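Right, one structure below, let's go through it.
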Amino acid sequence: MSIFIEPFFTFLKTPIFWILIFLMILSVWSNRQMPKWQGSWGERQVNRLLTQLGPEYKVWHDVYVWNKEYGMTQIDHLVVSPYGLHVIETKHYSGWIFGSERQKYWTQVIYKKKQRMYNPIRQNYGHVQAIKNYLRDNELNTYSIIAFSPSVEFKFKEPFKTAKVVHFNELITVIKEQSIPVVNAEKLQKIQLEIDRLVLADPKEKRRIQKEHVKQVAGKQRESGKSVRVAAESSAIEPKSKKGICPRCNGHLVVRNGKNGSFIGCNQFPKCRYTTEVIL
């Protein structure tokens with residue numbers, strides 16, 4: 001036995017062993033960070049595309065809107081122009097996407113693996129209503145756009161009536177479909193000033209708002225379609241999740257990015273594997 005043990009302990013002292021350990025740790029860390037990097041890349045890609053709209057258009061990114069009816073809402077991109085207000089929700093997914101306008105959930109398929117996602121048309125409808133309420137203008141011409149990354153293939157059977165569902169590279173074309181001015185210069189300036197007030201220049205304040213939003217998102221989760229055991233826990237989940245607390249271990253709930261999109265998870269992972277869906 002010592003014939004094998006002694007060489008093993010000798011190997012532990014070599015630089016090669018520690019290089020291998022470092023590479024293993026780096027690999028694990030990279031895999032965990034990859035969804036975040038992909039999401040950031042997608043956001044930057046959309047930001048860059050929207051700069052091509054021209055001087056008639058003003059663009060905002062990552063806007064938080066608060067009102068009594070809808071609570072805290074996070075909007076990915078807002079575009080204001082004489083042609084109206086475009087509210088854009090971006091999705092950094094891959095694979096096939098199935099769904100219809102009225103379905104509560106859509107389905108993502110990757111190599112026969114299915115994942116349910118909240119209908120982004122419904123999600124963005126809430127964003128549209130929130131910004132209209134904030135602007136106190138229900139007559140404002142607004143347009144809902146859901147923009148998916150190019151790696152997605154749509155499998156929709158029917159066209160959508162209340163929103164446009166497109167790939168990133170189609171955004172400019174879709175926005176410029178509205179070519180008749182419907183907002184005069186005075187009203188346009190007022191809208192821009194109101195949205196400018198939502199911009200969070202202070203990083204600390206933005207982090208505080210983001211944390212508040214995470215807690216609210218956690219409080220909106222629905223456990224429909226889960227097992228009887230989870231259903232039995234629902235009475236405990238609701239009051240805790242509203243405070244951003246994990247109902248299983250009392251840890252903190254956070255928004256995480258996975259291979260199939262965003263989800264709510266416990267910060268005590270992997271000790272606690274509680275997860276639920278994100279409904280913004």
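Just so you know, these numbers use all the heavy atoms, side chains as well, and skip hydrogens, waters and symmetry mates. As the structure is a prediction and not an experimental result, all values here were calculated from the model.
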Between Trp96 and Phe156, does a ring-ring contact (aromatic ring centres under 6.0 Å, His included) hold up when you go through it step by step? CA-CA 10 Å; Trp96 293 352; Phe156 305 128; over 10 Å; no
Could you walk me through whether Ile191 and Glu186 satisfy the side chain to side chain contact (heavy atoms under 4.5 Å, CB included) test, starting with their C-alpha distance in whole Å, then the side-chain angles of each, then the deciding distance to 0.1 Å, before giving a yes or no? CA-CA 9 Å; Ile191 292 171; Glu186 182 181 354; over 6 Å; no
Determine whether Val79 and Ile145 satisfy the following criterion, side chain to side chain contact (heavy atoms under 4.5 Å, CB included), listing intermediate values before the conclusion. CA-CA 11 Å; Val79 179; Ile145 301 178; over 6 Å; no
Determine, stepwise, if the pair Asn47 / His77 fulfils side chain to side chain contact (heavy atoms under 4.5 Å, CB included). CA-CA 8 Å; Asn47 293 353; His77 311 276; 3.0 Å; yes
CA sep, side-chain torsions, deciding dist, call: Lys91, Gln108, side chain to side chain donor-acceptor pair (under 3.5 Å): CA-CA 12 Å; Lys91 295 294 183 184; Gln108 176 194 27; over 6 Å; no
Walk me through whether Leu50 and His61 qualify under side chain to side chain contact (heavy atoms under 4.5 Å, CB included). CA-CA 10 Å; Leu50 293 177; His61 311 291; 4.0 Å; yes
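Using a 30° and 60° split on the angle between ring planes, Phe148 and Trp106 fall in the parallel class, below 30°.
Other residues, nucleotides and ligands place no more than 12 heavy atoms under 6.0 Å from the CD atom of Glu139.
For the residue pair Asp76 / Gln74, a side-chain donor-acceptor distance below 3.5 Å is found, with atom types taken as modelled.
Note: the hydrophobic cluster containing Leu188 also contains Tyr134 (ILVMFWY, side chain heavy atoms under 4.5 Å, direct or indirect links). Neither Val152 nor Val109 shares a network with the other; the hydrophobic side chains, linked directly or stepwise wherever heavy atoms of I, L, V, M, F, W or Y lie under 4.5 Å apart, form separate groups for each. In the hydrophobic cluster analysis, where Ile, Leu, Val, Met, Phe, Trp and Tyr join through side-chain heavy atoms closer than 4.5 angstrom, Val80 is grouped together with Val63. Leu49 and Tyr143 fall into different hydrophobic clusters, where Ile, Leu, Val, Met, Phe, Trp and Tyr residues are linked whenever their side-chain heavy atoms come under 4.5 Å apart, directly or through other members.
Remark: Tyr83 pairs with Glu56 by the side-chain hydrogen bond (donor to acceptor under 3.5 Å, both in side chains) rule, at least two apart or across chains. Every residue was checked against the salt bridge (Lys or Arg N to Asp or Glu O under 4.0 Å) condition with Lys114, not counting sequence neighbours, and none meets it. Applying the side-chain hydrogen bond (donor to acceptor under 3.5 Å, both in side chains) criterion to Lys187, with sequence neighbours excluded, gives Asp137. By the side-chain hydrogen bond (donor to acceptor under 3.5 Å, both in side chains) test, Glu101 is found to be paired with Thr162, residues two or more places apart in sequence or in another chain being considered. In this structure Glu153 satisfies the salt bridge (Lys or Arg N to Asp or Glu O under 4.0 Å) test together with Lys155, sequence neighbours excluded. Not counting sequence neighbours, the partners of Asn124 by the side-chain contact (heavy atoms from CB on, under 4.5 Å) test are Val87, Glu89, His127, Ser144, Ile146. Residues meeting the side-chain contact (heavy atoms from CB on, under 4.5 Å) test with Thr142, sequence neighbours left out: Leu85, Val128, Lys132, Leu140. The salt bridge (Lys or Arg N to Asp or Glu O under 4.0 Å) search around Arg136 returns Glu194, not counting sequence neighbours. Qualifying ring pair (Phe, Tyr, Trp, His ring centres under 6.0 Å) partners for Trp60, counting only residues two or more places apart in sequence or in other chains: none. Not a single ring pair (Phe, Tyr, Trp, His ring centres under 6.0 Å) links Phe98 to another residue, sequence neighbours left out.
The two residues Ser81 and Tyr57 come nearest to each other via the heavy atoms CB-CD2, 3.4 Å. Shortest non-hydrogen contact noted between Gly95 and Ile110 is CA-CG1, 4.0 Å. Contact record, His167 with Glu170: N-OE1, 2.8 Å, taken as the closest heavy-atom pair.
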Could you list the donor-acceptor pairs under 3.5 angstrom formed between side-chain atoms of residues 174-183 and any protein atom two or more places apart in sequence or on another chain?
| residue | atom | partner | partner atom | Å |
| --- | --- | --- | --- | --- |
| Lys176 | NZ | Leu53 | O | 3.3 |
| Glu177 | OE1 | Lys164 | NZ | 3.4 |
| Gln178 | OE1 | His86 | NE2 | 3.0 |

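Between the Gln103 side chain and the Ser100 main chain, a donor and an acceptor come within less than 3.5 Å of each other. With Thr107 contributing its side chain and Ile97 its backbone, the two residues share no donor-acceptor pair below 3.5 Å. Judged purely by atom type and a 3.5 angstrom limit, Arg197 has no side-chain atom pairing as donor or acceptor with the backbone of Gln192. Listed for the Asn119 side chain is no donor-acceptor partner under 3.5 Å among the backbone atoms of Tyr105.
Here CZ of Arg102 is found 11.0 Å from CD1 of Ile121. Values are rounded to the nearest 0.5 Å.
For the pair Lys58 and Asp196, the minimum side-chain heavy-atom distance is below 4.5 Å.
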